[in-house]
2 protein chains.
Amino acid sequence: MTTAATQRPTLAAVAARAGVSASTASLAFSGAGPVSEATRARVLAAAEELGYAGPDPRAQSLRKGRSGIIGVVMEDRLQYAFSDPVNVAVLEGVADELGPAGFALLLLTDTAESVAGIALAPMDGVILIGCSRDLDVPVTAFRQRGIAIVAIEAEPLEGVVHIDLDNREATAAGARHLRELGHERVGLVTLPLGSAHETQPLSDGLIEGSNVHTTIQRIRGARDVFPDAPGVVAAGFSAEEGLAAGRDLLASHPEITAVIAQSDLLALGVIRAAEEAGMRVPNDLSVLGFDGIRLDGTTHHDLTTLVQPSVEKGRAAGRAAVALVEGGDARGESFSSELHLGSTTAPPRA
Amino acid sequence: MTTAATQRPTLAAVAARAGVSASTASLAFSGAGPVSEATRARVLAAAEELGYAGPDPRAQSLRKGRSGIIGVVMEDRLQYAFSDPVNVAVLEGVADELGPAGFALLLLTDTAESVAGIALAPMDGVILIGCSRDLDVPVTAFRQRGIAIVAIEAEPLEGVVHIDLDNREATAAGARHLRELGHERVGLVTLPLGSAHETQPLSDGLIEGSNVHTTIQRIRGARDVFPDAPGVVAAGFSAEEGLAAGRDLLASHPEITAVIAQSDLLALGVIRAAEEAGMRVPNDLSVLGFDGIRLDGTTHHDLTTLVQPSVEKGRAAGRAAVALVEGGDARGESFSSELHLGSTTAPPRA
DNA sequence: GGCGACTATCGAATCGATTCGACCGAATCG
DNA sequence: CGATTCGGTCGAATCGATTCGATAGTCGCC
């Protein structure tokens, strides 16, 4: 086996067989530099005969100081992270940009154990997506290694390019929409605030102990308009978890006439909870979502929601990472969400 | 910038500062070999002072001949691939095994453009998951590079470790269950057969032109029991696409009393299509799924389905890849699905 | 007290490519 | 016709670590 591995042909072997020097063979493969057509053909033929598949990426990355790999750090459990369609869309956007630019995508998770080892991979850059864990340790490690860092919707960090969304303002706009309709008692169903994946009442303590930027900003936005709005923190991203949170909220706060859910899937769950409780949406309860993912066939409602450019966020992050690695500079980008007026909000019954 | 990059400390610099040789410094970091406690401390201190984050992974991988990276090849569009919960579960299983074993996961997509470049990343091994595209080209490239290959539910390939599922037998078992209930006119709603993402009637030509192993095996299993069962190929993995396919099937074959859907999400769509058409499940139409994913809250039915160990499949693939890279040998594994009797199948009405 | 067994450390070779500067012959230009 | 440039090729240095064999010391033991 070791023998077999050793026998794998190298550029030098190919060069020898083609009767040229290694440098020339290298040029023949990379195309960087003048090589006569005849020579190139000879080298390629020799490679073919020897079964040489091209320069070893490992050696290339050492010499070039670049591996062509950009990491994406996601939530601990992938099933969990991928249950949020926005995360998937963002990842798609990232992949869209990375592929054509010649970069590969390394999927990393911010497990406790891996925090230390997360920087051990040969990456040129890294993109942080919706991580709940504390970012200081890994970010420091990345910096030391000279790995370019891009963060999506994270709290401001020195030396990190940020891709942002107007979470607070957008939510506030949605809240104002509800107030204009006449709502005064509004409840919140929020995304998780940390790694405790359980349904629980929203409290100031929870907010302060958390560093999940997006969730916090959306809570702030809602409270900019409804300062005393009570809330329930969902255990996850799915409609089921929205259902559970919705039940809790409706049971503990029967007075509310509208719910601001922090994602469309949560909103879907809330609608189910309402229907379960014999309420009609939007007549008895208005429901506002966030994200603007398509929910065809899943519900008969056209959800009123804040549509955000998820894929575009990922693209921007991918572009920024590539720019940082290649050129050296990239500025952050800020995206905004747009209120889509669907059929799930209406004036309160009263 | 280039200067800054050049100034990043190297092991040699750390060694010099600690007053030891590079070899000793290396041992101090890797722990492979005898180093006095005092020396190790001195080296670590020097590293700390210089802001050295440990050996460069690029250099390590060249020297060791290993990068610690295992690639996972998925469908072209990630949003599409991740719309199948089984794919996500498999990926989770893979990640579960790779992380603790010290390997990172590179996410690759089998785009047409990337087929050539797919092997350019410094990988030690690769896992192929549900790829519809032709695998010959990339597999050959992987082999030439000495990259270990593991494939999940793929057609047999030389030099590739296979992780299999009893798709055909399981589907046949489900079909027999329907026949035992008394069904004679059964329809199929299948997963995609290729990259043409559109709803279309199932035809022999389509099957022959396809190389999507899983879909084909499940069709065969169904036809082992109901040789003439007509079918519709869904445009994708989601419930919406199942709904579309279900509508087509029910419209073109009103005589059928049961549907064998190739996934739970498709089954869910078929149930919606049936209800839409005024049929009740299971009284007017029996529906059989595949996968055994949890569909809590999404439907009021307890789906009769073939439960497969998705995460475990991913784990097995991850383990095999690691074993192949580290030791040298690994045998394939074969998993089986179990019929879960839910409330969506019953004797035909008549 | 001397010799073998260790321990800690070091030097040098190596992994497989890229790249810069030098070199040479041929074509171009004045 | 001689000087100049340029296209094509080659040598050697380099990227940053790991690792094998060699070399000093150190200790124990007879």
Side-chain angles (χ1 to χ4, degrees), chain A residues 2-3 5-43 46-47 50 52-68 120-124 144-147, chain B residues 2-3 5-43 46-47 50-68 120-124 144-146:
Chain A
T2 316
T3 327
T6 312
Q7 284 171 347
R8 192 154 297 117
T10 70
L11 181 60
V14 173
R17 186 172 233 279
V20 300
S21 74
S23 6
T24 302
S26 173
L27 295 181
F29 276 103
S30 68
V35 177
S36 75
E37 203 41 61
T39 309
R40 149 172 287 115
R42 213 140 31 86
V43 172
L50 264 50
Y52 179 74
D56 184 330
R58 286 180 272 259
Q60 280 190 142
S61 70
L62 170 58
R63 180 64 237 237
K64 296 196 175 163
R66 253 208 252 153
S67 61
L120 291 181
M123 302 180 287
D124 299 333
Q144 280 203 339
R145 287 213 135 85
I147 294 175
Chain B
T2 317
T3 326
T6 312
Q7 285 170 348
R8 192 155 298 116
T10 71
L11 181 60
V14 172
R17 188 172 232 278
V20 299
S21 75
S23 8
T24 302
S26 174
L27 295 181
F29 275 103
S30 68
V35 177
S36 76
E37 203 41 61
T39 308
R40 150 173 286 118
R42 215 142 28 90
V43 171
L50 264 49
Y52 179 75
D56 184 331
R58 286 180 272 259
Q60 275 184 314
S61 70
L62 170 58
R63 181 63 239 239
K64 296 194 174 165
R66 255 212 250 153
S67 62
L120 291 181
M123 302 180 287
D124 299 334
Q144 279 203 339
R145 285 215 136 83

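In this text, all values refer to a predicted model and were calculated from it rather than measured experimentally.
No N or O donor and acceptor, one from the side chain of Ser36(A) and one from the base of dG8(D), sit under 3.5 Å apart.
Taking only side-chain nitrogens and oxygens, Tyr52(A) never comes nearer than 4.0 Å to OP1 or OP2 of dG16(C). Residue Ser61(B) places none of its side-chain N or O atoms closer than 4.0 Å to OP1 or OP2 of dC15(C).
For the residue pair Ser21(A)/Thr24(A), the side-chain donor-acceptor check at 3.5 Å is satisfied. Side-chain polar atoms of Ser36(A) and Thr39(A) form a donor-acceptor pair below 3.5 angstrom.
In a base pair of the Watson-Crick type (N1 to N3 plus N6-O4 or O6-N4) or a G-U wobble (N1-O2 and O6-N3), with each distance short of 3.5 Å, dC20(D) is matched with dG11(C).
Counting only heavy atoms from C-beta on, Ser26(A) has its side chain closest to dT18(C) among dT9(D), dT18(D), dT18(C). Side chain of Thr10(A), nearest nucleotide from dA17(D), dG16(C), dT9(D): dG16(C).
Rounding to whole angstrom units, CG of residue Leu11(B) and P of dT18(D) are separated by 6 Å. To the nearest angstrom, C1' of dG16(C) lies 16 Å from CZ of Arg58(B). With rounding to whole Å, Gln60(B) atom CD is found 17 Å from dG16(C) atom C1'. Regarding Glu37(A), its CD atom lies at a distance of 10 Å from the P atom of dT9(D), rounded to whole Å. Atom NZ in Lys64(A) sits roughly 20 Å away from atom C1' in dA17(D) (whole-Å rounding). Distance CG (Asp56(A)) to P (dA17(D)): 18 Å, rounded to an integer number of Å. In this entry the distance linking CZ of Arg63(B) with P of dG16(C) reads 9 Å, nearest Å. Between Arg66(B) atom CZ and dG16(D) atom P the separation is 23 Å, expressed in whole Å.
A salt bridge links Asp124(A) with Arg58(B): the closest approach of a Lys/Arg side-chain nitrogen to an acidic carboxylate oxygen falls below 4.0 angstrom.
In this structure, the side chains of Leu120(A) and Arg145(A) come closer than 4.5 Å at one or more pairs of heavy atoms.
Scanning both residues, Tyr52(B) and Thr10(B), for their nearest heavy atoms gives CE1-C, 3.6 Å.
Nearest-nucleotide mapping onto DNA chain C: of Ser23(A) and Ser21(B), the residue sitting toward the 5' end is Ser21(B). Place Arg40(B) and Leu62(B) on DNA chain C by their nearest nucleotides, and Arg40(B) ends up nearer the 5' end.
If you check every strand for non-hydrogen atoms under 4.0 Å, Thr39(A) touches sugar and phosphate atoms only. Nucleic acid contact class of Pro34(A) (heavy atoms, under 4.0 Å, all strands): base.
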